[in-house]
There are 2 protein chains.
Amino acid sequence: MTLTIGEVSKKTNLSVPTLRYYDREGLFPGLQRESGIRKFSDKELAGIQVIECLKKSGLSIPDIKQFMDWTTMGSETFEERKDLFVNQRAQVEKQLNDLKRVDNLLRYKCWYYEMAMKLGSEEAVKAIPFDKLPKQIQENFPYEH
Amino acid sequence: MTLTIGEVSKKTNLSVPTLRYYDREGLFPGLQRESGIRKFSDKELAGIQVIECLKKSGLSIPDIKQFMDWTTMGSETFEERKDLFVNQRAQVEKQLNDLKRVDNLLRYKCWYYEMAMKLGSEEAVKAIPFDKLPKQIQENFPYEH
DNA sequence: TTAAACCCTAAAGTTGACTTTAGGTAAAGG
DNA sequence: CCTTTACCTAAAGTCAACTTTAGGGTTTAA
């Protein structure tokens with residue numbers, strides 16, 4: 001029920017040096033070894049899922065280590081852990097909103113250049129009156145005025 | 001109708017050194033100067049919107065410069081520009097999907113620790129049978145099995 | 001007339017998250 | 001036996017996108 005670092009690497013698509021680096025940074029508290037060789041268990045595999053998630057939410061390695069340390073401390077750190085997740089969720093909501101706005105602008109630009117190709121010039125696209133634009137474009141028209 | 005670098009900085013929340021850096025990297029082709037001093041016009045302000053957008057979509061500074069160069073070249077580069085935006089949109093869709101999965105896991109973890117606090121232990125939370133979990137949690141239950 | 005508040009450049013420094021390098025140990029297969 | 005393969009460490013290197021530093025010019029306001 002334990003895996004070597006190479007096996008974990010294949011399973012997770014994290015490079016072997018990255019896994020060693022995570023270990024060095026304290027992201028696998030209590031990781032077992034047998035004659036110097038790391039033995040990864042289900043606990044570490046689940047840990048990696050959480051690490052990836054927290055990383056994508058914008059948390060730094062030291063802050064992830066902090067969380068991992070909390071997980072070794074039992075019920076006295078439930079609140080800290082919950083607060084961390086609540087905070088990171090708020091961060092992710094922000095990121096999602098931001099990305100949606102980016103998506104809208106990109107969508108507009110795709111349409112804009114498609115029309116420019118059809119009409120032969122950017123000026124022709126800009127000359128289209130607002131109420132003649134596709135609804136999709138109208139609804140998410142960029143540039144504050 | 002032109003702004004100094006400091007005024008643009010205030011308007012965009014990009015630092016003055018960042019704006020100079022962008023200029024150095026060629027992100028403002030055709031930026032005017034008066035006795036050595038940069039004069040930002042509406043064209044550059046609109047450019048900054050696009051730069052920010054492309055950056056958030058994952059494009060590097062050199063690739064953004066490439067795009068900015070295309071914009072100076074007229075209709076012969078419409079296709080390249082459209083393709084770029086189509087590609088970046090695909091990237092952003094990927095990012096959005098990824099972030100939504102992150103959001104789901106965070107949502108689960110928030111619930112998990114809230115329950116752990118109520119019930120007094122993680123074991124008690126893990127012992128809840130699947131069909132007794134809230135629907136929200138059931139639908140987005142983490143960990144592939 | 002001097003100090004504050006702008007503007008400018010070139011070049012070096014910073015940051016976080018890895019990656020690479022150099023050097024070494026241990027088991028397995030031919 | 002010897003080569004391959006997988007493991008280990010410590011330390012140095014990389015990368016992108018800025019930021020900071022050092023040095024200098026010009027205009028404005030007291």
Side-chain angles (χ1 to χ4, degrees), chain A residues 1-28 30-41 44-45 47-68 84 88 91 95 98 102, chain B residues 1-28 30-41 44-45 47-68 88 91 95 98-99 102:
Chain A
M1 284 306 301
T2 70
L3 301 175
T4 66
I5 200 165
E7 290 162 339
V8 174
S9 171
K10 264 167 209 155
K11 203 166 234 182
T12 61
N13 279 324
L14 296 173
S15 75
V16 168
T18 296
L19 290 166
R20 292 208 183 104
Y21 164 69
Y22 284 176
D23 186 23
R24 232 182 4 261
E25 296 297 310
L27 266 42
F28 303 127
L31 175 65
Q32 298 296 316
R33 291 189 181 222
E34 272 169 37
S35 52
I37 296 190
R38 294 176 183 84
K39 298 294 169 181
F40 291 78
S41 71
E44 279 78 35
L45 290 180
I48 289 171
Q49 301 303 312
V50 176
I51 290 168
E52 295 271 81
C53 171
L54 288 176
K55 247 170 46 80
K56 285 174 185 164
S57 81
L59 214 62
S60 69
I61 302 282
D63 286 349
I64 297 175
K65 176 200 158 41
Q66 168 69 281
F67 169 76
M68 289 306 183
L84 177 79
Q88 290 319 111
Q91 297 300 311
Q95 285 185 56
D98 233 54
V102 167
Chain B
M1 288 306 301
T2 70
L3 300 176
T4 66
I5 200 165
E7 290 163 338
V8 174
S9 172
K10 264 167 208 156
K11 203 166 232 178
T12 62
N13 279 325
L14 295 173
S15 75
V16 168
T18 296
L19 290 166
R20 293 208 183 102
Y21 164 69
Y22 285 175
D23 186 24
R24 231 181 7 260
E25 295 298 310
L27 266 41
F28 303 127
L31 175 65
Q32 299 297 316
R33 290 191 184 223
E34 272 168 38
S35 51
I37 295 190
R38 294 175 182 84
K39 297 294 167 178
F40 291 79
S41 71
E44 279 77 36
L45 289 182
I48 289 170
Q49 301 303 311
V50 176
I51 291 168
E52 295 272 82
C53 172
L54 289 175
K55 245 168 49 79
K56 285 174 187 165
S57 81
L59 214 62
S60 69
I61 302 283
D63 286 350
I64 296 175
K65 175 198 158 46
Q66 169 70 282
F67 168 77
M68 288 305 181
Q88 291 317 112
Q91 296 300 311
Q95 286 184 55
D98 231 55
L99 262 192
V102 167

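In what follows, chains are A, B, ... by sequence order, proteins preceding strands, each numbered from 1.
- dC7(C) atom P lies 11 Å from atom CG of Leu3(B), rounded to whole Å.
- Across all their heavy atoms, Lys39(B) and Thr4(B) have their closest contact at NZ-CG2, 4.5 Å.
- For the pair Glu34(A) CD and dT25(C) C1', the interatomic distance rounds to 17 Å; values are reported in whole Å.
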Check the pair Leu19(B) / Ile48(B) against side-chain contact (heavy atoms from CB on, under 4.5 Å), numbers first and verdict last.
-> CA-CA 9 Å; Leu19(B) 290 166; Ile48(B) 289 170; 3.9 Å; yes
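- We find that CG of Leu31(B) is positioned 10 Å from P of dT9(C), with the value rounded to whole Å.
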Per-nt protein contacts along nucleotides 5-22 of chain D (heavy atom under 4.0 Å; B base, S backbone sugar-phosphate only, - none) come out as --SBB-------BBBB--
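- Contact check for Ile61(A) versus Tyr22(A): side-chain heavy atoms found under the 4.5 Å cut-off.
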Begin with the C-alpha distance, continue with both residues' side-chain angles, and end with the deciding distance and a verdict on side-chain contact (heavy atoms from CB on, under 4.5 Å) for Leu14(A) and Glu52(A).
-> CA-CA 10 Å; Leu14(A) 296 173; Glu52(A) 295 271 81; 3.9 Å; yes
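- Considering CG of Leu59(B) and CD of Gln66(B), their distance stands at 10.0 Å, rounded to 0.5 Å.
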